[in-house]
Colleague: 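My questions will all concern the structure given below.
Atom set for the values below is all heavy atoms of this structure, side chains included, hydrogens, waters and symmetry mates excluded.
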Amino acid sequence: MKKIDGSQLIADLTLEDLRQAAGGSITFSACVHKLRKMSGFTFVILRTGKYILQSVYSKGACEGDFDALREGAYVTVTGVVTEEKRANYGYEIQLASFEILSMPAEEYPLHVSSKKLGCSIETSMAHRSVALRHPSERAVFKISEGVVSGFREFMLSQGFTEIHTPKICAASAEGGANIFKLKYFDKDACLAQSPQFYKQTCVAFFDRVFEIAPVYRAEKHNSTRHLNEYIGLDFEMAFIKDMHDVMAMETAMLKYVMKYLFENYEHELSMLDAVLPVIKDIPCVTFFEALDILGKSHNQFDLDPTDEVKLCEYAKEKFDSEFIFVEKFPGLKRPFYAMDSKDDPKLAESFDLLFRGLEITTGGQRIHDYEEQLAKLKRYNIEPDELGAYIDIHKYGMPPHGGLGIGLERIVMKLLGLSNIREASLFPRDIHHLDP
């Protein structure tokens, strides 16, 4: 909360507020981030929801029980804003008074006021609510906010409708054993692995839809790139010619998101030393062309993590691109709703997008014809009845359509050069972490 020159309280302090208040008084609430005692005065570093601000306490010039003040205390301060080139953002606050609103019962278990948090990922997870108070740690999630905001803004500008689909489902979109099962009253249910069925259903009446929501995968991974709950950025679009329309939409969206981050999150990008990718045209290779580039035989049916790293190195060297599409994957490794390639039915009209050595997107064209979908279910040994109402959308007519899913934490991880995907998740859920 803040107040400028006796005006009404406003929700959030901005740098523009400091600029306007220069030479005058300002009142706002914050947390005491650090106390640095000097000869004759003390720097009181204040942490707001976004900024780290420098204020100065001088005995006799400031009202308040300074001896009671400590790091982690929440306060409302009043002071005169002065220009100071050496201070953060070029402004300093000469404190006139402060009121203690709340005091911590114990000292922080982590070095929140240090330039770097300086602890292991496990220590950060064990003290998550404290670790996230560190300016650099929380800045990661402002970047996540920016990616989501840019994605939503772009989707709406392209005529997409935002939808919100169930996360308790009767059937799994991906199939297999990697689902979280639960009892739904007297029935068996599972947590949604994807909004896939609902996205496809909605294109029948909205044409274009998108969703930003959690996704659940019961995979027993313990790697730096997997989570059991993550945020999916999904979209589905009707009346496509082929999957390249979906890839073109993603390329345009990523360009928009990078521009959005550059224009609105300079503060956080600078704090994290993040370098945004320059996106022109994203190169594309087929799966078997990718294997040839890697010097591997055509006997494998998917890419492993090392392959993804090498393909991104290839894209950077040959095309000066940090992204590369890989398309036409073997159908055996793609879901039953992926359309078979007309050129080779053993291949699927499906693609991955790799970024800085990591797959961040899977997408493609879906089957829209009822008989074609039934035939593929038979090949996959899936009974149509197992999929419930999903088959009805094909029975009653579907437009040609396709879409994709992006892992938010993965793209943020790579944008910021983080070493572990858990660093891009506020409260990670993996095989070891169910709390906090």
Colleague: Take D320 and K280, measure what salt bridge (Lys or Arg N to Asp or Glu O under 4.0 Å) needs, and give me the verdict at the end.
Modeller: CA-CA 9 Å; D320 193 27; K280 296 174 184 175; 5.0 Å; no
Colleague: Could you walk me through whether L53 and T48 satisfy the side chain to side chain contact (heavy atoms under 4.5 Å, CB included) test, starting with their C-alpha distance in whole Å, then the side-chain angles of each, then the deciding distance to 0.1 Å, before giving a yes or no?
Modeller: CA-CA 8 Å; L53 303 173; T48 71; 4.1 Å; yes
Colleague: Please check if the side chain of S149 supplies one atom and the backbone of G146 the other of a donor-acceptor pair under 3.5 Å.
Modeller: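 Side chain of S149 to backbone of G146: no pair is present.
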Colleague: Using side chain to side chain contact (heavy atoms under 4.5 Å, CB included) as the criterion, list what pairs up with D340, not counting sequence neighbours.
Modeller: K376, R379
Colleague: With sequence neighbours left out, write down each residue that passes side chain to side chain contact (heavy atoms under 4.5 Å, CB included) with P214, or none if nothing qualifies.
Modeller: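 Here the qualifying residues are Y216, E229, I231.
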Colleague: Mind checking what makes ring pair (Phe, Tyr, Trp, His ring centres under 6.0 Å) contact with Y57, not counting sequence neighbours?
Modeller: F66
Colleague: What residues, two or more places apart in sequence or in another chain, satisfy ring pair (Phe, Tyr, Trp, His ring centres under 6.0 Å) together with Y89?
Modeller: Y51, H267
Colleague: Determine the interplanar angle of the F43 and F41 rings, folded into 0 to 90°, and report it as parallel if under 30°, tilted if 30 to 60°, perpendicular if over 60°.
Modeller: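 Perpendicular: the ring planes of F43 and F41 meet at over 60°.
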Colleague: Below 3.5 Å, can you tabulate the donor-acceptor pairs from side chains in residues 410-417 to any protein atom, sequence neighbours excluded?
Modeller:
residue, atom, partner, partner atom, Å
R410, NE, R225, O, 3.1
R410, NH1, E359, O, 2.8
R410, NH2, R225, O, 3.0
K414, NZ, R356, O, 3.2

Colleague: Sequence neighbours left out, what pairs pass side-chain hydrogen bond (donor to acceptor under 3.5 Å, both in side chains) with at least one residue falling in residues 62-72?
Modeller: none
Colleague: Let me have the donor-acceptor pairs involving side chains of residues 426-434, under 3.5 Å, with sequence neighbours excluded, atom names and distances please.
Modeller:
residue, atom, partner, partner atom, Å
R429, NH1, P436, O, 2.9
R429, NH2, L434, O, 3.4
R429, NH2, P436, O, 2.7
D430, OD1, H432, N, 2.8
D430, OD1, H433, N, 2.8
D430, OD1, H433, ND1, 2.9
D430, OD2, R422, NE, 2.5
D430, OD2, R422, NH2, 3.3
D430, OD2, H433, ND1, 3.0
H433, NE2, E122, OE1, 3.3

Colleague: Before accepting this row, confirm whether a basic side-chain N of the pair E162/R152 lies closer than 4.0 Å to the acidic partner's carboxylate O.
Modeller: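 Yes, charged N to carboxylate O under 4.0 Å.
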Colleague: Less than 3.5 Å apart, which donor and acceptor atoms pair up between the side chains of residues 105-121 and the rest of the protein, not counting sequence neighbours?
Modeller:
residue, atom, partner, partner atom, Å
S120, OG, T123, N, 3.1
S120, OG, T123, OG1, 2.9

Colleague: Under a 4.0 Å threshold between the charged nitrogen and the carboxylate oxygen, would E137 count as salt-bridged to R133?
Modeller: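 Not counted as a salt bridge, because no side-chain N and carboxylate O are separated by less than 4.0 Å.
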Colleague: Can you name the side chain to side chain contact (heavy atoms under 4.5 Å, CB included) partners of E16, sequence neighbours left out?
Modeller: T14, R19, Q20
Colleague: I'd like to check the side chain to side chain contact (heavy atoms under 4.5 Å, CB included) partners of E84; sequence neighbours left out, ordered by chain and number.
Modeller: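 Expected list: R86, A87, E92.
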Colleague: Is Y390 close to Y337 at the side-chain level, that is, under 4.5 Å between some pair of heavy atoms?
Modeller: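 Result yes, sub-4.5 Å side-chain heavy-atom pair found.
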Colleague: Under the ring pair (Phe, Tyr, Trp, His ring centres under 6.0 Å) test, which residues partner F98, sequence neighbours left out?
Modeller: none
Colleague: Which residues pass the ring pair (Phe, Tyr, Trp, His ring centres under 6.0 Å) test with H226, not counting sequence neighbours?
Modeller: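 In terms of ring pair (Phe, Tyr, Trp, His ring centres under 6.0 Å), with neighbours along the sequence ignored, H226 is linked to H221.
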Colleague: Run the salt-bridge test on R208 and E236 with the 4.0 Å N-O cut-off and return the result as yes or no.
Modeller: no
